[in-house]
Amino acid sequence: MESIYNKTMSELEDYFLAKQDKKFRAVQVFEWLYQKKVTTFEEMSNLKKEVIARLEADFSISSISIKKIERDQDVSKYLFSLQDGEKIEAVLMNHHYGNSLCISTQVGCNMGCKFCESGRLKKVRNLETAEMVEQILKVEQEEQVRISHVVVMGIGEPFDNYDNLVKFIEIINHPKGLALGSRHITVSTCGIIPKIKEFSNLPYQVNLAISLHAPNNEIRNSIMPINKVYTINELMLVLKDYVKKTNRRVTFEYILLKGINDRETDALELANLVKDLTCYVNLIPYNETNNLSFKRSDYESITKFYDILKKNKINATIRKEFGSNISAACGQLRSKKED
Ligand code: SAH
């Protein structure tokens with residue numbers, strides 16, 4: 001049965017109209033689900049009995065459950081079971097500015113980035129919109145907190161599950177939904193160009209992050225197979241267009257991998273590549289994993305890389321590390337076999 005959390009406001013309106021009911025029932029249902037956060041249809045006390053019975057017949061209200069929580073200082077990693085038994089993860093980070101949740105969009109991932117642990121499991125399937133929405137709701141319920149920021153950087157390539165992703169954004173951004181400001185939502189992609197184009201036409205001011213990780217095609221081809229389909233040059237062109245259309249800056253994520261993309265010449269080449277774009281570079285110390293041979297750059301290389309970008313007037317930061325003790329760091333989700 002379909003989960004009610006799959007439905008956007010306009011889809012719910014259509015549903016009620018098709019049942020010869022009033023459009024505003026959709027608003028009522030949204031308020032129950034996302035503001036009062038009830039977990040049964042029965043609790044929707046301003047709806048008539050028949051309406052509740054029909055909702056119960058047509059929709060389920062929960063499709064994922066918490067299987068395990070691992071906690072570290074400012075981070076908690078959630079393992080969820082899906083209805084078909086598949087597992088996904090989300091990571092809660094407590095920042096000084098609020099609670100940020102990193103959510104997954106697929107079971108596994110097909111992008112095949114060589115350094116990424118979570119992608120070693122090939123894509124099994126896309127997540128439904130509801131399964132993304134519920135990652136937020138379940139964590140909020142468990143922790144009794146409000147999630148103020150969402151980063152779509154967990155397992156999966158969000159732009160390989162585009163339609164469900166867009167519905168997810170619509171629901172969490174909707175004022176009667178979770179009412180998360182679009183500037184508090186960040187979507188990260190390895191660079192699927194046709195979807196970046198579509199994304200720039202959306203009416204939302206959602207942040208876009210690009211996993212770049214290399215200053216040229218040669219290095220990028222060697223670590224990210226997607227670059228053989230959509231090259232850096234094409235990526236830069238489409239991002240220029242994105243900035244022009246949306247007036248938003250782009251974030252580049254750049255993992256520093258020892259001996260692969262962390263030389264001074266790489267920093268210079270990167271500065272040159274992005275200098276004409278309104279952007280910001282997030283340098284990420286690599287999280288080493290047991291199964292892959294990539295090594296983290298040493299501290300000096302990281303700071304030298306950063307200094308070169310700064311000297312060349314590129315906005316850059318070195319990312320604060322979260323969750324490496326509990327394998328909740330970027331790229332490490334679902335790496336340990338559970339069960
Ligand atoms: N598929 C999307 C989102 C998921 S990956 C994307 O490619 O952007 C989220 C981020 O974690 C990406 O930038 C990814 O390259 C990075 N990442 C993967 N493995 C990592 C590791 N071991 N250490 C640090 N970052 C990693």
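Numbers for residues simply follow the sequence, beginning at 1. Counting starts at 1 for both ligands and their atoms, in listed order.
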Mind listing the side-chain donor-acceptor pairs of residues 238-245 below 3.5 Å, one per line with the distance, residues two or more places apart or on another chain?
from: Tyr242; atom 1: OH; to: Val206; atom 2: O; distance (Å): 3.4
from: Lys245; atom 1: NZ; to: Asn201; atom 2: OD1; distance (Å): 3.3

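Residue contact annotation: Glu288 has no non-hydrogen atom under 4.0 Å from ligand 1. Distances from ligand 1 to the non-hydrogen atoms of Gly156 include at least one value under 4.0 Å. For Gly154, the closest heavy-atom approach to ligand 1 falls below 4.0 Å.
At a heavy-atom cutoff of 4.0 Å, ligand 1 is contacted by both the backbone and the side chain of Asn287. Looking at Glu253 against ligand 1, only its side chain comes within 4.0 Å, counting heavy atoms. In Met111, neither the side chain nor the backbone holds a heavy atom less than 4.0 Å from any atom of ligand 1. The proximity of Thr189 to ligand 1, defined as any non-hydrogen pair under 4.0 Å, is limited to the backbone.
Taking NZ from Lys275 and CG from Leu309, the interatomic distance works out to 13.0 Å, rounded to the nearest 0.5 Å. Atoms CG and CD, from Asn6 and Glu128 in turn, are 4.5 Å apart once rounded to the nearest 0.5 Å.
By the 3.5 Å distance cut-off applied to N or O atoms, Ser211 is counted among the residues near ligand 1.
Aromatic ring pairs are classed by plane angle as parallel below 30°, tilted from 30° to 60° and perpendicular above 60°; the pair Phe30 and Tyr34 is perpendicular. Between Phe80 and Tyr78, the ring-plane angle classifies as parallel under the 30° and 60° cut-offs. Classification of the His213-Phe115 ring pair by plane angle, with boundaries at 30° and 60°, yields perpendicular.
Close approach of ligand 1 to Cys190 is summarised as follows: ligand atoms under 4.0 Å from at least one heavy atom of the residue are 6 (C), 7 (O), 8 (O). Heavy-atom contacts of Cys116 reach the following atoms of ligand 1: 18 (C), 19 (N) (cutoff under 4.0 Å). Residue contact check: His213 has heavy atoms under 4.0 Å from atoms 13 (O), 14 (C), 15 (O) of ligand 1.
Judged by distance alone, the side chains of Glu134 and Ser62 do bring a donor and an acceptor atom under 3.5 Å apart.
The neighbour count for Phe24 CZ, taken as heavy atoms of other residues, nucleotides or ligands under 6.0 Å away, is above 12.
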